[in-house]
Amino acid sequence: MSVHIVVCVKAVPSTTEVKMDPKTNTIVRDGRASVVNPFDATALELALRIKDEAAGKPVRVTVLSMGIPDTARLLRDCIARGADAGLLLSDRAFAGADTLATTYALTCGIDALDEPVDLVVCGKMAVDGDTAQIGPELGGALDIPCIADVQELLGVEDGVLRARRATDGGRELVEVALPAVITVAKDAAQLRMPSIAGVLAAQDAEVEVRTAAEVGADTARTGLSGSPTQVVRSFVPERTHEATAIEGTVAQQADRLAELIEEVLR
Amino acid sequence: MSGLVVDRELCIGCGRCVRACASGGIELVWEGPRKFAQATDACVFCGSCVDACPVDAIEIAKDGPASAGDLASYRDFWVFAQVDAAGHVLPVAFELLGRARTLADARGCRLVALLGEGPAAPADNVDALIRAGADEVIVCRDERLSSLDAEVFAQWICSLARERKPEVILYGATAFGRELAPGVAVRLQTGLTADCTVLELDPATGLLQQTRPAFGGNLMATIVCPAHRPQMATVRPGVFAAPAPDSERIGAVSEVALDAALTSRVRVLEVEPAHDAASVADAERLVVVGRGIGSKKSLPLMRKLADLLGAELGCTRPLVEAGWLEYRHQVGQTGASVAPELLISVGVSGAIQHLAGIGGAKTVIAINDDPEAPIFGAAQYKVVGDCIEVVQALVERLEAK
């Protein structure tokens, strides 16, 4: 039985720190290159391991992203590391999407693939958004179960996936029949380096770039139009305290700190 | 047509919007003798430029399916009450009830707690939720709810929400809450804001204003869900204070049944309880360290300080990413929210995401060599200096006592 795995990948800024210009209180922009969200890199590695361990059975790994045209570069890099194909959803109609509109677009992308999908692997969250919503929303949208926060993937056998995942109370060993969605913790694996054969393959590989219309997406449900949530204000939070400075030599500071701690804990 | 719209009659070409944009999403273009702002393809509709514009020339226009009549049929605030392995309601549910009580009163609506639990659950959960502010508890006792299966719970909540039409549903941003709430959002095709640190009502529209740290660092974003219901948000444990239980309160109890066709598609084969009981989230005293401590070699000194104070050791995200400490030590938006009596912050610069997690601390003492570090804005006392030297001296003082 062949297995088709889709890995959802997001391009994120290489640094998530936004620097502020203290004088103008505005954001300092520099040429920040985008990279694959580190959680999604782990997701790709886990998918590739399933492929490695399939022992002759065909496993196909497709990387899927919604993003600006430049994201194709990142998908090509995923192919160099072992993915078989890439699909990039790129259209102004996708811009400004919240998690619901992103989920819808990704669902359209999944439906547009030639082969039905057995397993969707997502990073648990993106480092620039931190919402951790896409994986569970995809599960709901595709009406398949989702296992969130997988820390260890034990394998896929006869259409059943086993994994250890983190929960509020500790960890659980779970199993689920495919198709399913899993979201993975960042330290579950380290993404492999590209192989020479992979790099050559990536040069020839075609990353498909499709518009909303080409994947049959209803643009009333994509991007800004399709997003129920709306940012009404972005702001730099005001300082809530004016801290009292403890001054003097290190010895004096330490004395005062020791006193303070005693007062607070009394 | 949806998009970022610049009113050229109003735009004065000042460029404040360009400077406010983190994504290169707006630029100035010349047209004849005048300059105008214009959105680029990189615009992510974050709204920073809208706020920065001194002449209100920019707006984010959106076609919406808004139908006011339909929205008005949604009433009441709901809070999802998650239970732990022993069946007790988690503290975050009470914290949410406390905040939602105030909001529901302001909105003139009822506050409802949702309790899904196994048949063997403790008997006093319903009363505890009423004492914390619920007007009604919708309770479903079913074997299928005795383990936390996000899909089963999501289907249950969705069927209730379709029938009873709540205006707002709030969830604790626990591991389970963060898995459950998106499952509800996508099935109800509504919005969901993760990890809010502030919840308020817009006095004009009555919309729930959900504020959370955004853009990875130094900005907060206020988010609304104007045309879809219910409005939904998750909130980290520790962000709001739990109300004092009011034993005089009375509330209604509705027992509901679970759809007979609903079954779990995930089999739990083994459960390993967390072995490490020490938790930064519950600590009364905390020493939190950041990148400013310089190297992993400084950690034993920091541990010593924590031990001398009877404190837990917490850290910022970069230290976890660098592998210096495990994730369970992480304090901040994507780690634990903490509410200790005393928090000593050492070498922490104070990114918004970190500050979002320490808002509940009573007294914060921050030590950092950068006098401009944002952490000082969240501290009552500050020491500007070499954090290793200061901590070393402090450890000597404490040891001498």
Side-chain angles (χ1 to χ4, degrees), chain A residues 16-18 20 24 26-27 29 68 92 95-96 98-100 103 128 130-133 136-137 139-141 145 147-149 166-176 224-225 228-237 239-241 243-246 250-251 253-255 257-258 260 264-265, chain B residues 2 19-20 22 24 44-48 51 62-63 85 151 174-176 178-179 182-183 186-187 190-194 215-226 228 265-274 333-334 342 363 376-383 389-390 393-394 397-398:
Chain A
T16 55
E17 273 177 37
V18 177
M20 303 299 289
T24 59
T26 55
I27 294 163
R29 266 180 292 127
I68 58 172
R92 275 310 284 166
D98 70 2
T99 53
L100 190 73
T103 298
D128 62 343
D130 287 337
T131 71
Q133 290 173 3
E137 290 208 2
I147 298 174
D149 208 354
T167 63
D168 290 310
R171 299 209 306 171
E172 281 177 358
L173 173 65
V174 296
E175 80 177 17
V176 65
L224 192 62
S225 306
T229 62
Q230 187 177 314
V231 177
V232 287
R233 198 160 90 90
S234 311
F235 57 100
V236 179
R239 294 189 170 199
T240 47
H241 306 284
T244 307
I246 298 170
V250 169
Q253 287 173 328
D255 285 338
L257 278 179
L260 256 178
V264 170
L265 296 182
Chain B
S2 295
R19 291 196 294 277
V44 296
F45 306 103
C46 72
S48 297
D51 285 337
K62 197 173 148 169
D63 316 326
E151 194 182 7
T174 57
F176 183 66
R178 284 161 66 93
E179 189 181 356
V186 73
R187 289 179 172 88
T190 190
L192 172 65
T193 307
F215 307 109
N218 300 323
L219 288 177
M220 300 289 286
T222 300
I223 293 163
V224 295
C225 180
H228 296 70
R265 292 196 275 185
V266 178
R267 268 183 67 197
V268 179
L269 305 174
E270 266 173 47
V271 176
E272 296 169 47
Q333 191 194 2
T334 52
L342 172 67
T363 302
F376 291 139
Q380 280 79 25
Y381 299 97
K382 65 174 177 183
V383 178
E389 281 179 22
V390 173
L394 177 58
R397 296 296 182 287
L398 294 171

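Sequence lines set the chain letters: A, B, ... in the order given, protein chains first and strands last, and positions in each chain run from 1.
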> Checking heavy atoms, do the side chain of A:R92, its backbone, both or neither come under 4.5 Å from chain B?
Replying inline: side chain
> Can you name the closest pair of heavy atoms from A:Q133 and B:T193 and give their distance?
Replying inline: NE2-C, 4.1 Å
> Relative to chain B, which segment of A:Q253 carries a heavy atom at a distance below 4.5 Å: side chain, backbone, both, or neither?
Replying inline: side chain
> Of all residues at least two apart in sequence or in a different chain, which pass the side-chain contact (heavy atoms from CB on, under 4.5 Å) check with A:A251?
Replying inline: A:T249, B:R397
> Between A:G96 and B:F45, which heavy-atom pair has the shortest distance, and what is it?
Replying inline: CA-CD1, 3.2 Å
> Which region of A:L100, side chain (C-beta onward) or backbone (N, CA, C, O), has a non-hydrogen atom less than 4.5 Å from a non-hydrogen atom of chain B, or is it both or neither?
Replying inline: side chain
>> side-chain contact (heavy atoms from CB on, under 4.5 Å), that's the test. Do B:L192 and A:T229 meet it? Break it down for me.
In response: CA-CA 7 Å; B:L192 172 65; A:T229 62; 6.0 Å; no
> What residues form a side-chain contact (heavy atoms from CB on, under 4.5 Å) with A:T167, not counting sequence neighbours?
Replying inline: A:R165, A:E172
> With a 4.5 angstrom heavy-atom cut-off, which part of B:R187 approaches chain A: side chain, backbone, both or neither?
Replying inline: side chain
>> Quick check for you: among B:V390, B:V271, B:T190, B:L398, which has the greatest number of heavy-atom pairs under 4.5 Å with chain A?
In response: B:T190
> How close do A:A132 and B:P182 get, heavy atom to heavy atom, and via which atoms?
Replying inline: O-CG, 4.4 Å
> If you count heavy-atom pairs under 4.5 Å between each of B:V224, B:V383, B:L394, B:V266 and chain A, which one has the most?
Replying inline: B:V224
> Which pair of heavy atoms, one from A:S234 and one from B:G47, lies closest together, and at what distance?
Replying inline: OG-C, 4.3 Å
> Is there a side-chain contact between B:T222 and A:F235, using heavy atoms and a 4.5 Å cut-off?
Replying inline: yes
>> So which residue, A:G139, A:P228, A:G170, ends up with the most heavy-atom pairs under 4.5 Å with chain B?
In response: A:P228
> Which residue out of A:V176, A:V264, A:D255, A:T103 racks up the most heavy-atom pairs below 4.5 Å with chain B?
Replying inline: A:D255
> So, for A:D130 and B:R178, which heavy atoms are closest and what is the spacing to 0.1 Å?
Replying inline: O-NH2, 3.8 Å
> Checking B:E179 against chain A: side chain, backbone, both or neither under 4.5 Å from a heavy atom?
Replying inline: both
> Which bit of B:T363 comes within less than 4.5 Å of chain A, counting heavy atoms only: side chain, backbone, both or neither?
Replying inline: side chain
> Are any side-chain N or O atoms of A:D168 and backbone N or O atoms of B:A175, one a donor and one an acceptor, separated by less than 3.5 Å?
Replying inline: yes
